[in-house]
Amino acid sequence: MSDYDFKKVEEKWQSIWANSNAFRAEDFSDKPKFYVLTEFFGPSGSGIHLGHVKAFTPTEVIARYKRLKGYNVLYPAGWDAFGLPTENYALKVKKDPQTVTSDNIQIFKNQLTKLGFSFDWSREVDTTSPEYYKWTQWIFLQLFKKGMAYKADGVVNFCPKCKTILSNEDSQGGICDRCKGGVVQAKRSVWYLRMKDYSEKMLAAIDEIDMKPNLKDSQRNWIGKSAGAEIFFDIEGTREQLKIFTTRPDTLYGVTYMAVAPEHDLIEKYAKKITNIKQLRAYKTAAVKKSAEARAANKEKTGVLIEGLRAINPANGASIPIFAADYVMTGYGTGAIMAVPAHDTRDYEFAKKFDLPIIQVISGGDISKEAYTGDGILVNSKLINGLTVDAAKQKITEFLVKKGQGEKKINYKMQDWPFNRQRYWGEPFPIILCDSCGFVALDENVLPLTLPALKDYSPDESGDGPLKKAKEWVEVKCPKCGKSARRETDTMPNWAGSSWYWLRFLDPHNAAQFASPEKLAYWGAADLYTGGTEHVTRHMLYASFWHNFLYDIKAVPHRLPFTRRMCNGLILDETGRKMGKSSGNAIDPITVLAQYGADAFRLHILFMGDYEQNTAWTLEGINGCTSFLKRVWGLKQLMRDDSTVSKAHERALHQMIKRAELGIISDEKDCEKREDFKFNTVIAGFMEFMNTVRKSNYITKEELRQYLIVMNPFIPHITSELYSQIFNKDILSERYPEYDESKLIETEIEIPVQLCGKLKGVIKIQPNEPQDAVEKKALQVLGGITPKKIIYIKDKIINIIG
RNA sequence: GCGGAUGUGGCGGAACUGGCAGACGCGCCGGACUUAGAAUCCGGUGUCCACGACGUGAAGGUUCAAAUCCUUUCAUCCGCACCA
């Protein structure tokens with residue numbers, strides 16, 4: 001048997017596929033469409049890493065499988081290359097980001113081709129190319145024109161290392177998503193996108209998209225919807241009302257103090273009335289400086305009494321003190337709270353520390369020890385005594401509304417999206433700042449507004465983007481009034497280009513539209529979208545927001561960007577740590593590829609473990625895949641003509657096909673019933689069939705034909721080569737075989753015989769054999785026993801209680 | 001603190017959703033072929049006081065029957081974190 005030369009075969013087929021555009025998706029086809037998308041690549045300098053192989057191999061298999069199943073498959077790839085990773089890398093190697101980007105793309109593309117991935121390269125997109133970001137800018141303009149983008153001063157997350165503001169999604173846990181350093185709060189001029197306005201639509205999309213409950217939960221959590229009331233507290237001796245948000249209006253009688261965020265406007269507005277204003281200003285300065293990390297680490301409550309201002313409880317007219325406290329966030333609700341120490345653990349802690357009264361208004365618990373946050377009956381609450389919490393909420397809210405001192409309110413944790421970055425490598429804003437006209441949109445016809453080349457594009461502390469250095473570019477005439485004006489010098493965040501890219505794949509070369517309505521309608525939503533869990537509360541929310549917006553302005557015909565989402569687990573190193581450049585434990589997939597070949601590598605990474613689970617990387621076991629491939633190669637020697645018919649072979653073949661059909665990707669909509677993405681067990685099925693063949697020492701030509709097609713999506717090179725050698729045809733033009741349930745029926749089954757639940761033996765029966773016959777056989781195994789009870793589960797097991 | 005995930009041989013992992021636990025693969029042991037090794041092939045491989053008993057992180061429970069359901073508990077990992 002000649003040895004299998006994977007290098008030669010793989011290169012041969014890769015060039016055949018490339019030259020014949022084998023994986024080109026057709027626009028408009030009679031075949032059913034299938035759009036499978038994996039989050040596109042951020043082309044870093046070091047080439048692809050194992051995580052890419054883990055993430056893409058499964059969808060690669062699905063794409064090839066669906067093609068063989070007769071679908072018109074769109075499986076595209078592209079480059080998400082704007083943003084900090086590329087720019088920081090370019091700064092490090094002292095090249096310009098554009099050069100770095102195109103170099104990296106070449107490396108990536110080359111490596112991906114060597115893995116045999118079947119992308120439709122004719123649809124390649126690059127977010128940094130003007131032809132692409134023209135449309136990113138266009139979408140921004142639509143947002144701007146609809147009032148969905150606005151510039152305002154705001155206190156936002158700022159990364160001192162990257163010298164730019166960040167969104168909440170970019171700084172989860174108070175950590176900069178890019179450099180992993182701590183972020184601080186800073187007052188800046190911010191372009192906001194009104195993402196908050198889309199909270200309900202995004203929540204609706206979460207309900208509709210088919211994904212695991214835990215992913216849905218974390219998205220819902222991030223949006224953080226909570227229903228309650230806004231209550232307006234009069235401030236003594238002023239006409240001012242302090243507005244607060246609460247989910248517990250029922251506890252209004254238990255309010256013993258108010259608390260506002262240190263940054264709250266109230267303080268400066270009444271600076272003259274406040275006797276300890278200096279102390280409050282110092283407190284504010286300290287609080288703002290504290291990074292979110294430090295705030296979270298410091299659990300101890302702090303605060304300063306605002307001397308000179310008091311609030312009046314609208315329910316009972318009680319006069320109550322107001323504090324500034326940094327446990328109240330500016331960004332959520334109104335930045336002010338009514339504090340009910342008896343029924344809120346944080347307020348309880350604060351009240352204990354500052355020796356404030358604690359008034360119980362809900363029965364239950366022991367408030368001398370801790371706050372009682374559970375359910376109960378209202379007490380000490382004149383208007384609502386005796387009511388349940390729910391009823392009390394209703395009644396008191398109605399009362400406040402009537403009085404003009406409150407209203408029903410729904411609040412969201414999610415904030416509007418701070419959308420500008422003080423960095424170079426991003427989409428320029430198509431906006432001109434004119435002293436007389438304000439913010440003026442560029443005419444759509446002049447897009448793209450290209451990013452000017454800059455020698456020194458490094459960020460600085462000024463608070464402006466580096467683009468301000470491109471004087472000629474910045475200084476322009478106002479399109480409205482013709483006076484001197486200047487361009488916006490900040491750029492868009494790295495998430496901008498990725499917030500709509502799945503649409504561009506549908507029509508990537510269209511110069512007149514981001515995609516034609518016909519192609520948008522034909523392809524519709526991605527049928528499957530896969531990627532990392534880290535994007536669930538970042539990219540995916542932005543994507544949902546933009547897509548919903550585009551739907552609302554009738555730019556896309558379908559509401560959902562994708563109908564099913566799966567998240568792949570991580571590849572960990574041998575010791576179970578996260579792999580990464582920074583930890584120095586990254587494995588270069590290309591060395592694996594060179595040593596074992598693409599087919600073996602693909603097989604190995606799929607066979608290693610579950611798609612959704614994190615998996616520790618090891619090369620142990622890859623020998624099994626290599627020797628399996630050798631056996632596949634050797635099947636030619638075992639081939640016989642098709643007159644040899646064997647029930648056992650037939651059953652094994654259909655069993656294997658069934659396993660692949662159910663285990664790769666299912667059409668089943670009910671995710672409870674679905675058992676797909678089980679690539680490891682599908683491969684085990686291939687191996688079992690191989691064992692059957694080897695045991696009998698032959699395979700018929702037709703069996704081999706089907707076997708090769710079934711395995712083709714996993715190991716495309718070797719199967720293509722064998723297929724062309726034996727059948728003199730291109731395997732890609734064949735149809736995936738169907739399994740036949742009737743071929744799976746066994747003529748004889750073995751079932752276990754138990755005595756009182758203990759295994760005593762095995763009997764052979766025929767399917768549907770009458771129960772008394774089975775019982776008779778079973779009792780023979782057990783010898784002379786008079787059974788008290790017999791439990792027979794048809795064709796499965798018999799248990800005899802003696 | 002809140003939320004989620006995971007826990008099965010020496011290892012990676014299976015188990016048709018309550019029905020013979022350990023599929024498939026790695027590794028290991030033995031054998032064949034070889035001067036020898038590599039490769040390949042054949043056989044074996046959960047544990048133990050071995051015609052039996054015990055075994056799915058631990059302890060209870062439900063059931064004729066539990067890795068799977070219930071209660072309690074431990075461990076590891078991962079999110080979110082003062083959200084009013």
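Numbered from 1 within each chain, the chains take letters A, B, ... in sequence-line order. Just so it is clear, the values below take in all heavy atoms, side chains as well, and ignore hydrogens, waters and symmetry mates.
- In this entry the distance linking CD1 of A:I801 with C1' of B:G19 reads 13 Å, nearest Å.
- Note: CZ (A:R631) to P (B:C42) measures 7 Å, nearest angstrom.
- Annotated as syn: B:G9, whose glycosidic dihedral is within 90° of 0.
- Distance check on atom C1': B:U63 versus B:U71 gives 16 Å, rounded to whole Å.
- Look at A:R220 and you won't find any side-chain N or O under 4.0 angstrom from OP1 or OP2 of B:G3.
- Following rounding to the nearest Å, A:L744 (CG) and B:C16 (P) show an atom-to-atom distance of 17 Å.
- Using modelled atom types and a 3.5 Å distance limit, the side chains of A:D347 and A:Y327 yield a donor-acceptor pair.
- Pairing of B:U34, defined by two Watson-Crick or G-U wobble distances under 3.5 Å, is not identified with any nucleotide.
- With both ends at atom P, the span from B:G60 to B:C11 equals 25 Å, rounded to whole Å.
- Along RNA chain B, the nucleotide nearest to A:E675 and the one nearest to A:C756 differ in position, and the one closer to the 5' end is contacted by A:E675.
- Applying the Watson-Crick and G-U wobble criteria (two distances, each under 3.5 Å), B:A50 pairs with nothing in any strand.
- Each of A:R565, A:K669, A:R674 was evaluated against A:D210; a single residue qualifies, A:R674, per the side-chain hydrogen bond (donor to acceptor under 3.5 Å, both in side chains) test.
- Summarising the geometry, the separation between NZ on A:K796 and P on B:A15 is reported as 15 Å, rounded to the nearest angstrom.
- In terms of position along RNA chain B, the nucleotide closest to A:G624 lies nearer the 5' end than the nucleotide closest to the other residue of the pair A:G624 and A:G333.
- In this structure, A:K301 is not positioned above the aromatic face of A:F350 in the sense of NZ or CZ being under 6.0 Å from the six-membered ring centre and within 45° of the axis.
- Looking at heavy atoms from C-beta onward, A:T530 lies out of side-chain contact with A:P58 at the 4.5 angstrom threshold.
- Remark: P of B:C51 and NZ of A:K760 are 13 Å apart, rounded to the nearest angstrom.
- Checked against a 6.0 Å centroid threshold, the rings of A:F354 and A:Y257 do not count as neighbours.
- Pairing for B:U71 is with B:A59, a Watson-Crick or G-U wobble pair whose two hydrogen-bonding atom distances lie under 3.5 Å.
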Close N or O pairs between protein and nucleotides 21-24 of chain B (under 3.5 Å):
residue	atom	partner	partner atom	Å
B:A23	O2'	A:E688	OE2	3.1

